[in-house]
Amino acid sequence: MSDVLIQSDQGALLIDGKAVAAQVLAEVAKGAADLIAQGVRPGLAVVLVGEDPASQVYVKSKGKAAETCGFHSVQHTLGRETTQAELMALVEKLNADPAIHGILVQLPLPKQIDAQVVLETISPAKDVDGFHPVNAGLLAIGDRKRALVPCTPAGSLILLQAACLVLGCPIAGQNAVVIGRSNIVGKPMAQLLLAESATVTMAHSRTRDLADIVGRADIVVAAVGIPEMIKGAWIKPGAIVIDVGINRVPGEGLNAKGEPKTRLVGDVEFSAAAVRAAAITPVPGGVGPMTIAMLMSNTLTAARRKA
Ligand code: NAD
């Protein structure tokens, strides 16, 4: 695992999410090949409603990763005007399809559709995003053997474990703070850390004295969605920082089309944090690549359980 941590100029070790994701994908492809040899080909169905450009990019990369892993991969693209009933009918059809082990409905959905109702229509056994209340509940009671865990926090935990292994500091007993309490990232991340026996604090938009709370944490997981909100000066020297945030901000100069350039930053003020942290995930190239890798891993898990 030491090869996935790179010494940065600022001081901290950089946790190379691309390298870890490549390892996860290679293991998934091997697992899929074994399952195919037994006559079961893992199948992933991705459903996209509307033409959101970012969603189109995500869905394309998910399909590509599924094919690279040797999965049966299908994409359903529905129009922006699709009704809730139409989308639910498709999900029911995929629930009943024996060739499909994982179903992913790309969020956000158009406003006429209640996303929660749709997510709850997906069979928990095929819910590779891990958003169904049954999977959230299994994670909350610490039953990871039966749960499908949301991909971004599952990937973040693997990056954290890699850093802890190299630094020789087990997660158990450490003070961890998770900033953000979304159902997709913050809450499941806190559950995973708790299952690893960290002492977990959850911070959110109503938290007071965030700088003080962050300053006492050995492990910081930021999932807020506000560019560089977590200041480098708040980070406890020697802490491990997992930055889930992906925020597009104005860059310098113009691109080839003559438009103002943009760049991606995380929720953590990277360069100032990297001076104090022992290890940190970069943005991009940290948590981001892990999300798709864990989606493939969940699909393989779902197929194995069915087999
Ligand atoms: P969300 O908007 O659902 O939740 C944000 C959370 O931040 C909320 O719980 C809110 O309480 C908290 N928050 C808001 N303002 C705050 C403040 N001032 N102080 C402390 N907490 C505050 O967002 P999300 O879906 O959880 O995503 C969070 C970030 O992670 C976003 O940047 C998103 O783009 C990114 N993300 C990345 C990946 C990935 O693959 N790397 C996946 C999902 C989300």
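Both counts, for ligands and for their atoms, begin at 1 and track the order of listing.
The atoms of ligand 1 that sit less than 4.0 Å from any heavy atom of Asn247 are 32 (O). Within ligand 1, counting atoms from 1 as listed, the ones closer than 4.0 Å to a heavy atom of Ile179 are 20 (C), 21 (N). Every atom of ligand 1 with a heavy atom of Ile226 under 4.0 Å away is listed here by number and element: 15 (N). Set against the non-hydrogen atoms of His204, the atoms of ligand 1 under 4.0 Å away are 11 (O), 19 (N), 20 (C), 21 (N), 22 (C). Using a 4.0 Å cut-off to heavy atoms of Gly180, the atoms of ligand 1 that qualify are 6 (C), 7 (O), 9 (O), 12 (C). In the vicinity of Val244, heavy-atom distances shorter than 4.0 Å reach the ligand 1 atoms 30 (O), 35 (C), 36 (N), 37 (C), 41 (N). Of all atoms in ligand 1, listed by their number and element, those nearer than 4.0 Å to a heavy atom of Thr291 are 39 (C), 40 (O).
Contact between Ala203 and ligand 1 is absent, with no heavy atom of the residue lying under 4.0 Å from the ligand. Residue contact annotation: Met229 has a non-hydrogen atom under 4.0 Å from ligand 1. Ligand 1 lies within reach of Gly288, whose nearest heavy atom is under 4.0 Å from it. Not a single heavy atom of Ile184 lies less than 4.0 angstrom from ligand 1.
Proximity annotation for atom 29 (C) of ligand 1: of Ala222, Gly266, Pro150, Gly225, Gly225 comes nearest, heavy atoms only. Between the choices Ile246, Val214, Leu264, the shortest heavy-atom distance to atom 33 (C) of ligand 1 belongs to Ile246. Atom 26 (O) of ligand 1 has its nearest heavy-atom neighbour, among Ser182, Gly245, Pro289, Gly17, in Ser182. Closest to atom 23 (O) of ligand 1 by heavy atom, among Val224, Asp243, Val287, Leu210, is Val224.
Salt bridge status for Arg80 with Glu51: present, with a side-chain N to carboxylate O gap under 4.0 Å. Between Lys93 and Asp97, none of the side-chain N atoms (NZ, or NE/NH1/NH2) sits under 4.0 Å from a carboxylate O, so this pair counts as no salt bridge.
A heavy-atom distance below 4.5 Å is found between the side chains of Gln23 and Asp3. Here the side chains of Ile158 and Met290 are in contact, with some heavy-atom distance below 4.5 Å.
Residue-environment remark: CZ (Arg305) exceeds the threshold of 12 foreign heavy atoms within 6.0 Å.
Rounding to the nearest 0.5 Å places CG of Leu94 at 11.0 Å from CG of Leu104.
The protein heavy atom nearest to atom 11 (O) of ligand 1 is Ser205 N, 3.1 Å. Closest protein heavy atom to atom 42 (C) of ligand 1: Thr152 OG1, 3.2 Å. Protein heavy atom closest to atom 8 (C) of ligand 1, with residue, atom name and distance, is Arg181 N, 3.9 Å.
Between the side chains of Gln75 and Lys62, no donor-acceptor pair is found at a separation under 3.5 Å.
Remark: the backbone N or O of Gly225 is paired with a side-chain donor or acceptor of Asp267 at under 3.5 angstrom. With hydrogens and angles ignored, the 3.5 Å screen pairs no side-chain donor or acceptor of His132 with any backbone N or O of Asp127. Asp143 places no side-chain N or O within donor-acceptor distance of the main-chain N or O of Leu138, the cut-off being under 3.5 Å. Thr207 places no side-chain N or O within 3.5 Å of a backbone atom of Leu210 that could act as its donor or acceptor partner. One N or O on the side chain of Asn298 and one on the backbone of Val149 form a donor-acceptor pair closer than 3.5 Å.
On a distance-only criterion, Val185 and ligand 1 share no N/O pair closer than 3.5 Å.
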